[in-house]
Amino acid sequence: MLRPVTPAARISAAIEILDSIRSGAAAEQVLTHWARANRYAGSGDRAAIRDHVFDALRCRRSFAWLGGSESGRGLMIGALRAGGIATETHFTGERFAPDPLTAGETAGPQLGDAPRAVQLDCPDWLLPHFESSLGPETEAVLAVLRHRAPVYLRVNRRKTTPEAAMAELAEAGVNSRSHSLSPTALKVTGNPRRVQSSPAYREGRVELQDVASQAIIDALPLVPGMTVLDFCAGGGGKSLAIAALEEVRITAHDIVPDRMLDLPARASRAGIDVTLAEDKSELRPGYDLVLCDAPCSGSGAWRRSPEAKWLLTEARLEELCAIQSGILEEAAALVAPRGYLAYATCSLLTAENRDRIGKFLTAHRDWSVLRERRLTPLDGGDGFYIAVLTRK
């Protein structure tokens with residue numbers, strides 16, 4: 001049996017991992033390598049270390065302010081101070097614990113004295129974009145993005161009902177409840193790490209998917225028998241969600257086909273047929289619905305991918321906006337004369353959402369908006385935007 005790692009040793013591990021991430025390595029990759037190199041650490045230890053790392057990434061600026069630097073050590077000092085935990089109980093210098101605090105580390109400034117962007121853990125240049133996009137909700141949304149996201153499941157209605165799924169999950173020790181944003185959504189309220197080992201998950205009756213992502217699918221004008229193209233499919237989560245709602249003929253395409261490698265197995269598990277189109281040459285105009293879940297800043301999902309917040313630059317945002325406009329042009333050409341074009345992002349920024357649709361409509365007067373919806377983390381899930389267009 002593996003012996004649990006001490007809380008102080010977990011802090012030391014998190015410091016080591018954070019310093020590797022700071023040098024340019026990807027968080028998931030560093031965490032995986034650390035676990036393989038330190039097999040003495042049990043699953044509970046690995047989970048605790050992972051939580052330390054991702055909490056520090058979400059709150060990088062405020063923890064650095066409290067801890068005195070953006071080094072792994074500074075971030076973990078700041079994390080303890082933010083949580084009201086005495087640093088000397090962990091920074092002892094004893095076996096596997098971080099070295100004691102130096103004279104320069106013992107007294108840090110208060111977070112209330114920090115600039116507003118630091119308190120909100122937002123890059124300086126990006127704060128005005130949030131303010132123009134979210135208005136009076138800016139601070140509340142950014143505050144939510146500083147914390148980990150809830151775990152949501154999508155119930156596969158081809159195989160079960162929400163009520164039956166909740167009961168089955170409970171038998172596996174997973175507590176859940178329904179959520180008002182989507183009739184297929186369950187919020188996991190207890191033991192989320194048991195989900196993937198549960199029979200309901202392994203046999204395709206539930207799938208991990210954010211509630212806002214499910215609500216976006218609910219906004220699509222789906223009818224039985226229609227042909228649907230998921231133009232930026234990624235891992236195929238939305239393809240599966242669409243096909244689970246209605247008996248449609250769905251094709252999944254992504255510019256990087258390797259992203260869809262797991263989709264056939266997932267579709268089989270869910271009892272769903274999905275056609276993969278790995279090359280654009282396989283696509284022909286005439287789809288009743290084309291969904292573009294476009295590449296974006298991911299600002300609505302930074303609770304799950306906090307590294308992206310700090311990697312985004314003004315130049316990259318401009319590049320993403322150009323890519324999004326190009327995708328809309330390509331996708332529109334694939335829609336049948338009486339069909340629908342749906343544009344979605346997991347971004348909170350108007351530049352990536354309504355501005356892209358406005359530019360498209362200016363260039364294509366024969367299209368109009370059928371429906372539009374924006375969700376923020378204040379609604380319970382990730383931030384998402386969707387606009388469904390149709391020809392006039």
Side-chain angles (χ1 to χ4, degrees), residues 27-28 50-51 54 57-58 134 137 140-157 162 165-166 169 174-196 198 200-201 204-220 230 232-245 252 254 259 262-263 266 270 291-309 342-349 352-353 373-387:
E28 292 290 357
R50 179 186 180 86
D51 287 345
F54 276 88
L57 291 174
R58 291 185 194 98
L134 298 173
E137 292 185 338
V141 169
L142 288 174
V144 172
L145 291 177
R146 298 178 71 246
H147 303 282
R148 72 188 66 175
V151 176
Y152 289 101
L153 301 174
R154 176 179 55 79
V155 176
N156 180 0
R157 288 194 159 179
M166 279 190 284
L169 288 164
V174 180
N175 301 320
S176 62
R177 59 177 173 81
S178 59
H179 196 281
S180 59
L181 270 187
S182 175
T184 59
L186 298 180
K187 182 178 182 179
V188 177
T189 57
N191 296 320
R193 291 189 171 96
R194 294 187 183 180
V195 167
Q196 294 188 17
S198 69
Y201 177 84
R205 289 183 287 279
V206 297
E207 182 87 23
L208 287 162
Q209 189 169 33
D210 180 73
V211 64
S213 182
Q214 296 180 56
I216 293 305
I217 299 303
D218 296 335
L220 298 175
D230 188 356
C232 308
K238 290 184 175 61
S239 293
L240 297 178
I242 290 169
L245 281 181
D254 197 275
R259 293 173 182 158
D262 295 335
L263 182 52
R266 293 172 67 197
L291 169 63
C292 311
D293 184 9
C296 67
S297 65
S299 53
W302 279 345
R303 289 186 291 181
R304 303 179 194 280
S305 304
E307 288 170 284
K309 173 163 56 172
Y343 173 79
T345 74
C346 57
S347 173
L348 295 164
L349 305 179
E352 298 183 271
N353 296 332
R373 189 177 191 187
R374 186 188 72 179
L375 297 168
T376 78
L378 301 181
D379 296 305
D382 291 342
F384 261 95
Y385 170 86
I386 187 167

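Note that these values count all heavy atoms, side chains included, but never hydrogens, waters or copies made by symmetry. Since we're looking at a predicted model, the values are computed, not measured.
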Heavy-atom closest pair, residues Val195 and Ser198:
O-OG, 2.6 Å
Can you list the steps and then say if Tyr385 with Ser347 is a side chain to side chain contact (heavy atoms under 4.5 Å, CB included)?
CA-CA 7 Å; Tyr385 170 86; Ser347 173; over 6 Å; no
Can a side-chain donor-acceptor contact be found between Gln214 and Thr184 if the only test is distance below 3.5 angstrom?
yes
Is a side-chain N or O of Glu352 found less than 3.5 angstrom from the main chain of Ser297, in a donor-acceptor match?
yes
Nearest 0.5 Å, please: how far is SG in Cys346 from CG in Asn353?
9.5 Å
Applying side chain to side chain contact (heavy atoms under 4.5 Å, CB included), name anything that partners Ser305, two or more places apart in sequence or on another chain.
none
Steps toward side chain to side chain contact (heavy atoms under 4.5 Å, CB included) verdict (Glu28, Arg50):
CA-CA 9 Å; Glu28 292 290 357; Arg50 179 186 180 86; 2.6 Å; yes
How far does CG of Leu240 sit from CG of Asn156, to the nearest 0.5 angstrom?
8.5 Å
Judged by atom type as modelled, is there a donor-acceptor pair below 3.5 Å linking the side chain of Arg303 to the main-chain atoms of Gly381?
yes
Can you check whether Gly234's main-chain N or O pairs, donor with acceptor, with Asp254's side chain at less than 3.5 Å?
yes
Can you list the steps and then say if Leu142 with Leu134 is a side chain to side chain contact (heavy atoms under 4.5 Å, CB included)?
CA-CA 10 Å; Leu142 288 174; Leu134 298 173; 5.8 Å; no
Would the distance check show the side chain of Tyr152 and the main-chain N or O of Gly380 forming a donor-acceptor pair, the cut-off being under 3.5 Å?
yes
Supply the atom-to-atom distance Ser182 OG to Leu375 CG, rounded to the nearest 0.5 angstrom.
10.5 Å
Quick check for you: to the nearest 0.5 Å, what is the distance between Ile216 atom CD1 and Gln209 atom CD?
10.5 Å
Shortest non-hydrogen contact from Phe384 toward Thr345:
CD2-O, 3.1 Å
Please check: side-chain N/O of Ser299 versus main-chain N/O of Leu348, any donor-acceptor pairing under 3.5 Å?
yes
Exercise: identify the closest heavy-atom pair between Arg373 and Ala215
NH1-CB, 4.1 Å
Provide the closest heavy-atom pair for Val141 versus Pro377 in the form atom of the first, atom of the second, distance.
CG1-CD, 3.9 Å
Mind checking the CZ-OG spacing from Arg154 to Ser213? Nearest 0.5 Å is all I need.
9.0 Å
Residues 206-217 vs salt bridge (charged side-chain N to carboxylate O under 4.0 Å, His left out), sequence neighbours excluded, gives Glu207-Arg266, Glu207-Arg269, Asp210-Arg304
Any donor and acceptor pair, going by atom type alone, linking the side chain of Glu307 with main-chain N or O of Ala27 inside 3.5 Å?
yes
Return a table of donor-acceptor pairs under 3.5 angstrom between the side chains of residues 185-194 and protein atoms on other chains or two or more places apart.
residue: Thr189; atom: OG1; partner: Asn175; partner atom: O; Å: 3.3
residue: Asn191; atom: ND2; partner: Gly173; partner atom: O; Å: 2.6

Rounded to the nearest 0.5 angstrom, the OH-CG distance for Tyr343 and Asp293 is 9.5 Å
Which pair of non-hydrogen atoms, one from Cys232 and one from Cys292, has the smallest distance, and what is that distance?
SG-CA, 4.4 Å
Determine whether a donor-acceptor pair (N or O, by modelled atom type, separation under 3.5 Å) exists between the side chain of Arg58 and the backbone of Pro306.
no
